[in-house]
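To start, the structure under review is shown below, and the notes come after it.
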Amino acid sequence: ARREKDNDQKNGDQTLRQETRQQKIRRMSSPPSLLMVNAFIGTAGYKKLYQELGYTVITEWSDRKAISQVRKNPLDVIVADFYHQTDFRDRLSNLESLLAAVQNSPNTRILVFYEAAHQSVLDKVRARLRIDAAITLPVQEAQLRATLQAWLENRPVDLPDVSKNT
């Protein structure tokens, strides 16, 4: 009876791994997704660049809608404006809720645009929450392109494990 229970558990674990592998393969066969969170209209001008690189671009204008998007769909990249206002009572920046929502998604890369004057606040937020890259405004398009291209080239590819099928 114990051997049957162990076999059932192994089969269940293997099925779970196969489903996860199939989900990853499905995700990897689709174009990479990029969520553009625009707090300022100035950063919206890069949508064409994102599309040229091969990203499917989703645009949100509010942090709440962006958080909803993060919870619904796995994303490859999030690009967002970072800013600090002294009248924020319970937080340092506009992005902390969004950053917290994406911390459990290690395959999602986070890129923020920020004003150089906000560097010290950005450093404090980065000490607590993951931000993969930060680019000062005005954005240098070559730097943006290089960052996103590098992420595309290092995008995880999960191939089926054929050794177990033999």
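In this chain, residues are counted from 1 in sequence order. Just so you know, these numbers come straight off a predicted model, no measurement behind them.
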Is there a side chain to side chain contact (heavy atoms under 4.5 Å, CB included) between Lys47 and Thr59 once you walk through the steps? CA-CA 9 Å; Lys47 184 175 183 176; Thr59 304; 4.1 Å; yes

To the closest 0.5 Å, what do you measure between [atom1] ([X]) and [atom2] ([Y])?
| X | Y | atom1 | atom2 | value |
| --- | --- | --- | --- | --- |
| Phe82 | Thr136 | CZ | OG1 | 13.0 Å |
| Asp63 | Ser97 | CG | OG | 7.5 Å |
| Glu60 | Leu98 | CD | CG | 10.5 Å |
| Trp151 | Tyr55 | CH2 | OH | 7.5 Å |

Pairwise side-chain contact, [X] with [Y], heavy-atom cut-off 4.5 Å (strictly under):
| X | Y | answer |
| --- | --- | --- |
| Pro74 | Asn107 | no |
| Leu34 | Thr56 | no |
| Ile58 | Gln69 | yes |
| Lys124 | Arg128 | no |
| Asp132 | Leu111 | no |
| Val37 | Trp61 | no |

For the side chain of Tyr50 and the backbone of Leu35, is there at least one donor-acceptor N/O pair under 3.5 Å apart? no

Using modelled atom types and a 3.5 Å cut-off, is there a donor and acceptor pairing between side-chain atoms of Arg109 and backbone atoms of Val77? no

Test Val125 against Leu95 for side chain to side chain contact (heavy atoms under 4.5 Å, CB included), laying out the working first. CA-CA 9 Å; Val125 172; Leu95 291 181; over 6 Å; no

Candidate list Val121, Asp81, Leu137, test side-chain contact (heavy atoms from CB on, under 4.5 Å), partner Glu115, passing option: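 With Glu115 as partner, side-chain contact (heavy atoms from CB on, under 4.5 Å) holds for just one option, Leu137.
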
Can you give me the closest heavy-atom contact between [X] and [Y], atom names plus distance?
| X | Y | result |
| --- | --- | --- |
| Leu75 | Thr108 | O-OG1, 2.6 Å |
| Asp76 | Pro32 | OD2-CA, 3.1 Å |
| Ala133 | Thr147 | CB-CG2, 4.1 Å |

Those residues that, when tested against Ser62, pass side-chain contact (heavy atoms from CB on, under 4.5 Å) (two or more places apart):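 In terms of side-chain contact (heavy atoms from CB on, under 4.5 Å), with neighbours along the sequence ignored, Ser62 is linked to Arg64, Lys65.
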
Who passes side-chain contact (heavy atoms from CB on, under 4.5 Å) against Gln103, sequence neighbours left out?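 Here the qualifying residues are Leu99, Ile110, Leu129, Arg130.
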
Give the C-alpha distance, both sets of side-chain angles, the deciding distance and a yes or no for side chain to side chain contact (heavy atoms under 4.5 Å, CB included) between Leu144 and Phe113. CA-CA 10 Å; Leu144 175 59; Phe113 299 146; 4.0 Å; yes

With a cut-off of 6.0 Å (strictly less than), are more than 12 heavy atoms of other residues, nucleotides or ligands near CD of Gln140?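 No.
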
Between Ser33 and Asn73, is the side chain to side chain contact (heavy atoms under 4.5 Å, CB included) condition met? List the steps. CA-CA 9 Å; Ser33 58; Asn73 303 310; over 6 Å; no

Among residues at least two apart in sequence or on other chains, which ones pass salt bridge (Lys or Arg N to Asp or Glu O under 4.0 Å) with Glu52? Arg145

